[in-house]
Amino acid sequence: MKHAGRVLILAAIATTGGEQQLPRSAAGEPVGARRLARRSSGAGPGDTERKARPMARKRKLSAASKRALHHRKGPEWFCQFRQADVSGDLAYEAGVNRRDPSAVIRVGELHYVWYTKSPGASAGFGTGNPSRKVFPWDLSEVWYATSKDGWKWKEEGRAVGRGAAGAHDDRSVFTPEILAHEGKYYLVYQCVKAPYVRRVKNTVGLAVADSARGPWRKLPAPILRASDTGEWLGEEDNRFLVTKKGDFDSHKVHDPCLMHYRGKFFLYYKGERMGEEMYFGGRETKWGLAVADKPEGPYVKSEYNPVTNSGHEVCVWHYKGGIAALLTTDGPEKNTIQYAADGINFEIEAVIRDPPHAAGPFRTPDHDKGPLEGLRWGLCFAHRQGWQYIRRYEVNETLKNWSRAKAAYE
Ligand code: AAL
């Protein structure tokens with residue numbers, strides 16, 4: 001009986017060509033249609049489910065129209081975005097990359113953000129000189145900045161530097177996220193151990209502080225590693241050559257984001273696979289989840305991994321007891337906003353356009369006021385003349401609100 005509603009509708013469409021022949025409830029509603037609307041919505045809080053409209057008289061239904069039978073959600077999660085330059089020390093600076101900002105948190109009168117800071121141009125792989133910078137995020141450190149208004153930023157200094165030679169983080173530390181919890185501050189970030197080659201497997205590190213200004217105490221060992229389930233083919237430094245691809249995170253564990261959720265610590269991350277391929281949605285990147293009882297771990301990867309089939313930099317926020325997510329850049333479900341009432345089982349709530357890169361939203365205490373409140377504004381990054389720099393983004397609901405108010409706007 002799993003898809004009885006859908007089968008009924010499609011059967012009715014295919015065979016009657018006239019008034020819907022669906023069985024009707026006591027209230028006179030078409031039973032199958034209603035069940036279909038409920039099932040296809042995924043129903044996150046804040047949704048107004050759209051009732052399946054009575055089918056128009058129609059003999060034929062295109063493939064697209066059949067798919068559209070599943071698109072029944074309201075516009076609560078739909079939005080557009082605006083981006084603008086910030087001022088002060090985080091404004092564009094030729095010669096320095098500042099990228100992958102964390103969430104923005106407010107402590108006292110100030111907003112704080114952490115980000116990858118990396119001066120100098122990168123040369124790519126294969127230069128023959130293993131100490132040359134290979135990526136904009138190679139030979140990086142985690143820095144932080146503060147701002148009163150979220151627009152003008154003051155760079156305060158380094159939060160977490162690279163480890164001593166031989167440590168798991170001796171080559172680069174980058175792409176941080178912040179969690180403020182019970183008077184302590186936790187930074188999670190990516191680590192690379194030298195040499196930085198194409199096949200290097202990165203790790204996730206954690207540092208803790210009693211103040212947002214540090215000092216930061218690093219844990220001696222990573223809290224998360226790539227799974228050990230793939231096998232390289234040959235000795236060439238080529239990440240596409242494998243005899244076994246392994247799990248979705250057999251090569252990289254990127255973009256860690258730590259959330260305190262349901263009394264536990266949920267570490268979301270992006271996984272990349274050894275022997276990654278391109279599919280109809282683009283690159284094969286998916287998000288995973290690892291859960292711990294304490295912020296320091298140990299973290300256990302979820303049995304449900306991967307918890308998304310798409311997305312790039314992790315961007316998640318709290319909403320009404322669940323976790324909302326902005327998926328960008330890669331995969332068939334890129335450019336969507338999703339919601340998981342349990343933090344694990346994500347459903348598409350809106351399809352959006354031009355989302356900000358590596359969005360770090362402001363962690364507002366008002367996140368339950370609406371589905372987009374936890375995403376309302378924050379920092380992201382962009383490219384200009386070969387350098388990466390931090391910008392501000394804002395959720396823009398103007399078009400939607402005009403339309404919903406039935407106001408004339410054209
Ligand atoms: C970003 C992120 C991670 C990757 C690199 C720097 O888009 O996914 O941080 O390692 O690119």
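Please read all numbers here as calculations on a predicted model, not as lab measurements. All heavy atoms count here, side chains included; hydrogens, waters and symmetry mates do not. Remember, it's 1-based here, ligands and their atoms both numbered in the order they're listed. For the single chain, residues carry numbers from 1 onward in sequence order.
Heavy-atom neighbours of His111 NE2 from other residues, nucleotides or ligands within 6.0 Å: above the threshold of 12. Shown here is Tyr279, whose OH atom has more than 12 heavy atoms of other residues, nucleotides or ligands within 6.0 Å.
The protein atom (non-hydrogen) at minimum distance from atom 9 (O) of ligand 1 is Thr175 OG1, 2.7 Å. Scanning all protein heavy atoms for the shortest distance to atom 1 (C) of ligand 1 gives Arg99 NH2, 3.4 Å. Looking at atom 3 (C) of ligand 1, its nearest protein heavy atom turns out to be Gln190 OE1, 3.2 Å. Ranking the protein heavy atoms by distance from atom 7 (O) of ligand 1 puts Glu313 OE2, 2.9 Å first.
Judged purely by distance below 3.5 Å, without hydrogens or angles, the side chains of Thr127 and Asn129 never pair a donor atom with an acceptor atom.
At a heavy-atom distance under 4.0 Å, no atom of Asn202 approaches ligand 1. The side chain of Phe174, and not its backbone, has at least one atom closer than 4.0 Å to an atom of ligand 1 (non-hydrogen atoms only; side chain from C-beta on).
Here OG1 of Thr328 is found 5.0 Å from CD of Glu313. Values are rounded to the nearest 0.5 Å.
A salt bridge links Lys245 with Glu284: the closest approach of a Lys/Arg side-chain nitrogen to an acidic carboxylate oxygen falls below 4.0 angstrom.
For ligand 1, the atoms lying closer than 4.0 Å to a non-hydrogen atom of Asp255 are 2 (C), 3 (C), 8 (O). Shown in contact with His254 at under 4.0 Å from a heavy atom are these atoms of ligand 1, numbered in order with element: 4 (C), 10 (O).
The two residues Val204 and Val253 come nearest to each other via the heavy atoms CG2-O, 3.7 Å. Trp153 and Val113 make their closest contact through CZ3-CG1, 3.6 Å (heavy atoms, listed as atom of the first residue, atom of the second, distance).
For the residues Trp137, Tyr189, Phe381, the heavy atom positioned nearest atom 5 (C) of ligand 1 is part of Trp137.
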